[in-house]
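What follows is a single structure, written as structure tokens, with notes after it.
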Amino acid sequence: MNKNGNQLTKEEILVIADTIKGTTFKEISYKYGNKGGFGLVIEEVFCINPNSRPLPDFEEAGIELKVTPYKINKNGTLSAKERLVLNNINYKNENLTDFHKSSFWKKNETMLIIFYLFDELKEKRDFMITNHLLHNFSENDLKIIKDDWRIIRDKIKNGEAHNISEADTLYLGACTKGVNSKSLVGQPFSTTIKAKPRAYSLKTTYMTLLIRKLMSKEKIEKIFDEKIETSFENQMRIKLNRFFGKSQEELKNIFKIRSNAKNINELLLSRMLGLKGKVSKSEEFLKANIIPKTVRVEEDGHIVESMSFPTFEFSKIINETWDDSELRDYFESTKFLFIVFKKENDVYVFKDIKLWNMQISILDKQARDVWEKTKELIETGHIIKRISGKRRFTYFPDTTFNGVCHVRPHAKDAEDTYELPVKDILTGVEKYTKHCFWLNNTFIKSIIS
DNA sequence: GCATGATCATGC
DNA sequence: GCATGATCATGC
């Protein structure tokens, strides 16, 4: 074997990668010496020294080495266990003018990704390396990643490095990277506000798709076989152009859909984009973690309904802190595609689409306030305010609380409940109708217009 | 008329 | 059976 990993050729690297396929970390470190973490063990195999240089690990071959876990879900599908964390972003030194000169591109243009199977029932040293992939970004992925990079770059340029959210971008993220959430670093375009240290990363959902394409046979449809020329959102708009202005009924006729399912609009969008399956199961939506949502606008421009999200468990929320809460994680990692229908001459007409994610400043202020208030009410048993006939009114934050979101029932019926960790003071009930966080209709209107 | 509680329709 | 997406319905 070559003594210096930096000098290995691509072919030599792939040969070595083949030799560790099907082995556990225990077996490898027995053979090569145990230097600690998984990444270090693998670097030992390839005779490269840990470094944080701006160049790829295999300098000559131009390949960066990555080691990452995946898992088998309860339903048998595979998922990445975590995002793939790449190089740190040095806010002050990053090249902010040219993507091809950025630290991201210089280091990660080509990656050898080694996958190991995570299993919570096993000890870490028994995890097995099962696959590897020499990864180059496809043309369309690269287009999207360049746009993502510009979004991150613009935040830094605008002195907004502290407001970067993973959901701002589609595939390439800028994840926080610090010993704890309190460590902060300076940023070049703001003298007053420090930001969390961050690293480039490929989103968990992006990694999941890589894994499924590599290891499972399931067919995943792509929205874009053609080259993406403009932004992802605009490219979809171009595809949808001939359907704007058509009513729901017209669209149902065009695609011969008879269903009255409540997700009919997602089905229609899928057909309009030329997909056989659902748009939420398309490669692009899965990779970027985009959830489609219907918005109905009335003739005068107002929106009647607020927007629901998955329910939360009362007993879970009280054991969370905001920073590690399910709600924060959800809005920090999820993008939404609003499918906008507007009422015209008594029918709802397909108007437009809009990609949206909650900005960090709103997430960590208004959404947090609603969450903290909700947690406090559950902890103290202040749930029911009064009862009126069959209806039970609660203390949960309502639409007037701060104009962004509120808490309301979201269940099959009133008897569809989760346990309350603390009995309700007024009635003594120990379980309550499932609730979720809702985005206010007025807030959605402000996003759409 | 709007806010808030309640519930529907479907698919997995 | 239930999560999900969506909308209905009551009463203030």
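The chains referred to below are lettered A, B, ... by the order of the sequence lines, with proteins before strands, and numbering in each begins at 1.
A:E298 has its CD atom 10 Å from the P atom of B:dC2, to the nearest Å.
For A:K412 and C:dA6, the shortest distance from a side-chain N or O to OP1 or OP2 is not below 4.0 Å.
Using a 4.0 Å heavy-atom cutoff across all strands shown, A:T394 reaches sugar-phosphate atoms only and no base atom. Nucleic acid contact class of A:T294 (heavy atoms, under 4.0 Å, all strands): sugar-phosphate only. Heavy atoms of A:K385 sit nowhere under 4.0 angstrom from any nucleic acid atom. A:T311 comes within 4.0 angstrom of no nucleic acid atom, judged by non-hydrogen atoms across all strands. Using a 4.0 Å heavy-atom criterion, one finds that A:H406 contacts no nucleic acid atom at all. Using a 4.0 Å heavy-atom distance criterion, A:F393 is classed as a sugar-phosphate-only contact. Looking at heavy-atom distances under 4.0 Å, A:S308 makes contact with a base.
Across C:dC2, B:dT4, C:dA6, the shortest atom-to-atom separation from the side chain of A:R391 is found for B:dT4.
Checking A:K278 against A:R392, the closest nucleotide of DNA chain B that is more toward the 5' end is the one next to A:R392.
Under a cut-off of 6.0 angstrom, the local environment of CD1 in A:I291 is crowded, with over 12 non-hydrogen atoms contributed by other residues, nucleotides or ligands. For A:K412, the NZ atom counts as loosely surrounded, since its 6.0 Å shell holds 12 or fewer non-hydrogen atoms of other residues, nucleotides or ligands.
The CG atom of A:L273 sits 5.5 Å away from the CD1 atom of A:I223 when rounded to the nearest 0.5 Å.
Between A:I114 and the choices A:T68, A:N131, A:L65, the side-chain contact (heavy atoms from CB on, under 4.5 Å) rule is met once, by A:L65.
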